[in-house]
Amino acid sequence: MSADNGRVATGISGLDTILGGGVFDGGIYIIQGAPGAGKTILGNQICFAQAAQGRNALYITLLAESHARMIGHMRRMNFFDEEAVPDRMSYVGAFKTLEDDGLRGLLDVVRREVRTRKASILVLDGLITVHEKARSELELKKFIHELQTQAGFSNCTMFLLTSAFDADAHPPEHTMVDGLIELQSQLHGRRSERSIQIHKLRGGWFMGGKHAYRITDNGHAIYPRIEALLETPSVWDSADGPIVPVGIPGLDKMFGGGIDTHSVTVVLGPSGSGKTTAGLQFLTGGPKGEPALFFGFHENPMALRVKAKSLKLALPDNITLMWRPQTEAVLDEVATELLGTLRQSGIRRLVIDGIEGFSKLTDEKHRIGSFLAALCNELRALGVTTLATAETDHAGMTPGQPLKGVNQTGLSAVAENIIALHLAALRSENHRLMTILKSRDRRTDMRMRRFEIHEGGIVLDENFERAERILRDISSQGPQPTPAADLKLTGD
């Protein structure tokens, strides 16, 4: 678990990523947070991760829950290993010693237990009790200094757990330790969201800012903020490659044969205009056996299979359907899950059905631009050709201004290609129209086409003549009512 650079991985992948690889061997670190933030779970999780690697871990409690209750709670966690207790994972109670003999007596217990059990990881649960027992700030600083000396002498990395603090008070122990990790919980309306922040890591780089985490049956699942994690892509894409078909013959012709591999194409349109159908055709139009993924926020896999069956679009085994409802999901969790699936399965074609759904997973709307930029850059780096859909309002067609109300803000910067689908009402009949709004570095036919959805999916007219006639007739029938609001792509 110890790397050549002296770092010790905690064994919690997201935390190690934020820490730049882990903490430093022989360092001393504070983990703080309000009651219920998960400090005890995190401390135990770190210890059992070390024990699983054959190292000895020691968990010392002060004025906290009894060992029997703690172990009873930890047994419900998947990381708990009964066979590791007590040889590789030891629990020691030291409150009585602290009460009777003070900080000096507690230091003696730490020295003795670390030496006797050959512990390389120590968690001291209840630093707030030490703080209250100390007669002065100087005595508390001397206690931390002695712990540091012991940690360095025995190559034992130490974690001190404590309650939340007053940020304006600047507790003396914060200046003494090698690192400071804070667990937080914030309310967003009625929804609670947990975050972790590294305030200090002496001697090494770490990922700043707040990052999301959940407490699951596996312990802490920590999700680094995507725009920080992927500030630059994991690999640089080659920026060239073969042309790949969209899967809609008429549209491929408008693009001059298809779209660039590892490009991002966005399909805009109101509900019912055919966006999901276009996505299904894109997936099924690739090379036989090529891994593909349909990732959506709206329709579940069963509904998609029914839709594909009604369109006579076969979904082979190489196509994965992934659904993430917009309920209690966390933005970075969903993105991490998506990218993990892409890497693990070697996906080459991806549909994101409802890309605006990402913005509905967070109240931090200002993040969405940089989040999408980082995500799309990584998709390109992984060699994934992406088609994303985004829903617009039913604004209709304004006579003489057929593109009015189609707002590309927020997506134009991250997409090489943008396609707009329209529902055009002409007297009692609705027509579907398609146009290419943007195509980077390609010779493109940007004239509108009328299309219909049949068995097999979207079928475009051979030319633009019917679309032009529809637009001309709409202009002659007079203006339509002005929509209440323009398109909003960020979920505001």
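All of these numbers come straight from a predicted model, not from anything done at the bench. Quick note: residue numbers are just sequence positions, from 1.
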Determine the minimum heavy-atom distance between [X] and [Y], stating which atoms define it.
X	Y	result
C156	V114	CB-CG1, 4.1 Å
A94	L106	CB-CD1, 3.7 Å
G219	I41	CA-CG2, 4.2 Å
Y59	C47	CD1-SG, 4.2 Å
E83	R88	O-NH2, 3.9 Å
A390	I355	CB-CG2, 4.0 Å

Spatial distance of atom [atom1] ([X]) from atom [atom2] ([Y]) [nearest 0.5 Å]:
X	Y	atom1	atom2	result
I319	L313	CD1	CG	9.0 Å
I259	T265	CD1	OG1	3.5 Å
K118	S90	NZ	OG	13.0 Å
D25	N155	CG	CG	5.0 Å
L58	I60	CG	CD1	4.5 Å
L180	T175	CG	OG1	11.0 Å

Is a donor on one side and an acceptor on the other found under 3.5 Å between the side chain of [X] and the backbone of [Y]?
X	Y	value
R202	V177	yes
Q50	A119	no
K365	S359	yes
S370	R367	yes
T157	G26	yes
N56	R117	yes
E227	F371	no
T362	F358	no
D332	I226	yes
R348	L382	yes

Side chains of [X] and [Y], heavy atoms from C-beta outward: is any pair under 4.5 Å?
X	Y	result
E378	L229	no
L230	L339	yes
K210	Q186	yes
E391	S271	yes
H73	T40	no
L98	V109	no
L331	E364	no
Q148	D178	yes

Inset, instruction - Just do the side-chain contact (heavy atoms from CB on, under 4.5 Å) check on R324 and L361 with the steps written out, would you? - result: CA-CA 11 Å; R324 209 60 163 91; L361 301 179; 5.9 Å; no
Applying salt bridge (Lys or Arg N to Asp or Glu O under 4.0 Å), can you list everything that pairs with [X], at least two apart in sequence or on another chain?
X	result
D108	R111
R190	none
E231	none

Inset, instruction - For H220, enumerate each residue passing the ring-ring contact (aromatic ring centres under 6.0 Å, His included) test, keeping only those at least two apart in sequence or located in another chain. - result: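 With neighbours one apart ignored, the set is Y213.
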Legend entry - Step-by-step side-chain contact (heavy atoms from CB on, under 4.5 Å) determination, V110 to M158: CA-CA 11 Å; V110 170; M158 299 184 180; 4.1 Å; yes
N/O donor to acceptor pairs below 3.5 angstrom from side-chain atoms of residues 282-308, sequence neighbours left out:
residue	atom	partner	partner atom	Å
T284	OG1	L280	O	3.0
T284	OG1	Q281	O	3.3
E290	OE1	R349	NE	3.3
N300	OD1	M302	N	3.1
N300	OD1	A303	N	2.8

Legend entry - Heavy atoms from other residues, nucleotides or ligands near NZ of K200 exceed 12 (cutoff 6.0 Å): yes
Say whether [X] and [Y], considering side chains only, have a donor N or O and an acceptor N or O under 3.5 Å apart.
X	Y	value
N78	N218	yes
H174	Q32	yes
D16	T10	yes

Inset, instruction - Return the set of residues passing side chain to side chain contact (heavy atoms under 4.5 Å, CB included) with E99 (not counting sequence neighbours), or none when no residue passes. - result: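 Result, side chain to side chain contact (heavy atoms under 4.5 Å, CB included) vs E99: F95, K96.
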Inset, instruction - Check the pair L321, L315 against side-chain contact (heavy atoms from CB on, under 4.5 Å), reporting the backbone distance first and the verdict last. - result: CA-CA 10 Å; L321 304 180; L315 296 180; 4.2 Å; yes
Inset, instruction - May I ask you to decide whether R380 forms a salt bridge with D260, counting only side-chain N to carboxylate O separations under 4.0 Å? - result: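 Not counted as a salt bridge, because no side-chain N and carboxylate O are separated by less than 4.0 Å.
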Legend entry - Note: K133-E139 ion pair, threshold 4.0 Å (strictly below):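 So K133 does not pair with E139 through a salt bridge.
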Inset, instruction - For side-chain contact (heavy atoms from CB on, under 4.5 Å), just list the numbers for T276 and T389, CA-CA rounded to whole Å, side-chain angles, deciding distance to a tenth of an Å, and then say yes or no. - result: CA-CA 7 Å; T276 302; T389 71; 5.6 Å; no
Legend entry - Derivation and outcome, side chain to side chain donor-acceptor pair (under 3.5 Å), residues N44 and Y91: CA-CA 10 Å; N44 275 274; Y91 291 94; 2.5 Å; yes
